[in-house]
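Bear in mind that the values here come from a model prediction, so they are computed numbers and not experimental data.
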Amino acid sequence: MKLATWNVNSLKVRLPQVLDWLASVQPDVLCLQELKQEDKAFPEAELAAAGYTSAFSGQKTYNGVAILSRQPITDVQIGIPGFADEQKRLIAATVNDVRIICGYFPNGQAVGSEKFAYKMSWLAALTEWLTVELARYPRLALLGDYNIAPEDRDAHADWKEEIHVSAPERAAFAALLDTGLQDAFRLFDQPEKSFSWWDYRMLAFRRNFGLRIDHILLTPTLAADCRSCQVDKSPRALERPSDHAPVVAEIAA
DNA sequence: ATGGCGCATGGAATGCGA
């Protein structure tokens, strides 16, 4: 089973690339973030024609998440239960016996800002809810744009208390690992300076000035069956790319 | 490395992302 996540930065703009990528990589599940469109505009028919059913939660201009799957999707849930949030950042569903959670974690803008406080409260709510979900679903995967680079090697520069690398954000990521989840990417040897996002400016992709902020976390039972996890940099080199690249994990059937 | 980019909105200039 191939699981993937990709922040597409506007599904309207990126739909042709998503369809091409689905056809060539053929993931079983693809989690999308930053749809930036309302549900009525979601390209359900085009994706169905490509062999994927969809569960989605969109909104105008910002945010928006979706789960695409080649197999039937059941038990769809939108948002974090008990956490009132107008921003569409989380969708969960079951595919076969795997519970899929797709998240677009808040950016946080700047350490200490109001948006940073929102990011931290969102992370706390997610982690608290996850402890409940993990008891229900031994085979669970949390995929998405976390907007956190967990370690120094996940950032191209040696930042300390900047957004995405600050101690509180890294502590929140560590708290997710403390629930038992494992970072699929770090189950394997990886190239140095592996990132999943590069700024549009300053030729950042060409210079590999990036961050690894898109992650796939797996419960121990799924991690034991995980055979590979990689960033697919190829879509980032296309014309009009998303600033994020897809991350793919393969789970033995 | 902060910006120089890209997207959405709305129909120019601004907010936002990371």
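Atom pair A/H244:NE2 and B/dC16:P shows a separation of 17 Å (rounding to whole Å applied). Regarding A/Y62, its OH atom lies at a distance of 9 Å from the P atom of B/dT9, rounded to whole Å. Taking atom CZ of A/F116 as the reference point, atom C1' of B/dG17 lies 16 Å away to the nearest angstrom. Atoms CG (A/D214) and C1' (B/dG17) sit 13 Å apart, rounded to a whole Å. Rounding to whole angstrom units, CG of residue A/L35 and P of B/dA8 are separated by 11 Å. Look at CG on A/D199: it is 9 Å from C1' on B/dT2, rounded to the nearest Å. Atom C1' of nucleotide B/dG6 and atom CH2 of A/W197 are separated by 12 Å, given to the nearest angstrom. Rounded to whole Å, the distance from CD1 on A/I163 to P on B/dA18 is 10 Å.
One side chain, A/D85 or A/Y118, offers a donor N or O that lies under 3.5 Å from an acceptor on the other.
Going from the P atom of B/dA1 to that of B/dG17 covers 23 Å, rounded to whole Å. Distance noted for atom P between B/dG3 and B/dA8: 24 Å (whole Å). For the P atoms, the distance from B/dG4 to B/dT9 is 22 Å, rounded to whole Å. Taking the P atoms as reference points, B/dG15 lies 22 Å from B/dT2, given to the whole Å. B/dT14 and B/dG10 have their P atoms separated by 15 Å, given to the nearest Å. Taking the P atom of each, B/dA18 and B/dA13 are spaced 26 Å apart, rounded to whole Å.
Taking every heavy atom of residues 5-22 of chain A and every atom of DNA chain B, pairs under 4.0 Å involve A/N7, A/N9, A/S10, A/V13, A/R14, by number. The stretch residues 231-243 of chain A touches DNA chain B through A/R240, each having a heavy atom within less than 4.0 Å of the strand. Within a heavy-atom distance below 4.0 Å of DNA chain B, the residues of residues 148-156 of chain A found are A/H156.
For A/M202, the listed nucleotide lying nearest its side chain is B/dT2; candidates were B/dA8, B/dT2, B/dA18. In this structure, of B/dC5, B/dG15, B/dA18, it is B/dC5 that holds the atom nearest to the side chain of A/Y200.
Heavy atoms from other residues, nucleotides or ligands lying under 6.0 Å from NZ of A/K88 number 12 at most.
Not a single salt bridge (Lys or Arg N to Asp or Glu O under 4.0 Å) links A/R207 to another residue, sequence neighbours left out. Residues satisfying the side-chain contact (heavy atoms from CB on, under 4.5 Å) test with A/S113, not counting sequence neighbours, are A/Q109, A/A110, A/K115, A/F116.
Annotated as anti: B/dG11, whose glycosidic dihedral deviates from 0 by more than 90°.
Judged purely by atom type and a 3.5 angstrom limit, A/E169 has no side-chain atom pairing as donor or acceptor with the backbone of A/A149. One N or O on the side chain of A/K119 and one on the backbone of A/N147 form a donor-acceptor pair closer than 3.5 Å.
If you check every strand for non-hydrogen atoms under 4.0 Å, A/Y104 touches sugar and phosphate atoms only. Residue A/W159 is classed as a base contact, given a heavy-atom separation below 4.0 Å to a base. Looking at heavy-atom distances under 4.0 Å, A/K115 makes contact with sugar-phosphate atoms alone, never a base. A/N147 comes within 4.0 angstrom of the backbone, heavy atoms only, and of no base.
Applying the 3.5 Å distance criterion, the base of B/dA18 shares a donor-acceptor pair with the side chain of A/N107.
Classification of A/D20 and A/R14 as a salt-bridged pair fails, no side-chain N sitting under 4.0 Å from a carboxylate O. Looking at A/D183 and A/R212, a side-chain N of the basic residue comes within less than 4.0 Å of a carboxylate O on the acidic one, giving a salt bridge.
Heavy atoms only, all atoms of each residue included: A/I80 and A/A125 are closest at CG2-O, 3.9 Å. When every heavy atom of A/R99 is checked against every heavy atom of A/A92, the shortest pair comes out as NH2-CB, 3.8 Å.
One finds the NE2 atom of A/H244 at 12.5 Å from the CG atom of A/L32 (value rounded to the nearest 0.5 Å).
The salt bridge (charged side-chain N to carboxylate O under 4.0 Å, His left out) contacts involving residues 137-148 of chain A comprise A/D97-A/R139, A/R139-A/D225, where partners must be two or more places apart or lie in separate chains.
Nearer to the 5' terminus of DNA chain B, by closest-nucleotide assignment, is the contact made by A/K36 (compared with the other of A/K36 and A/Q87).
Linking ILVMFWY side-chain heavy atoms closer than 4.5 Å, directly or via other members, places A/F173 and A/V111 in a single hydrophobic cluster.
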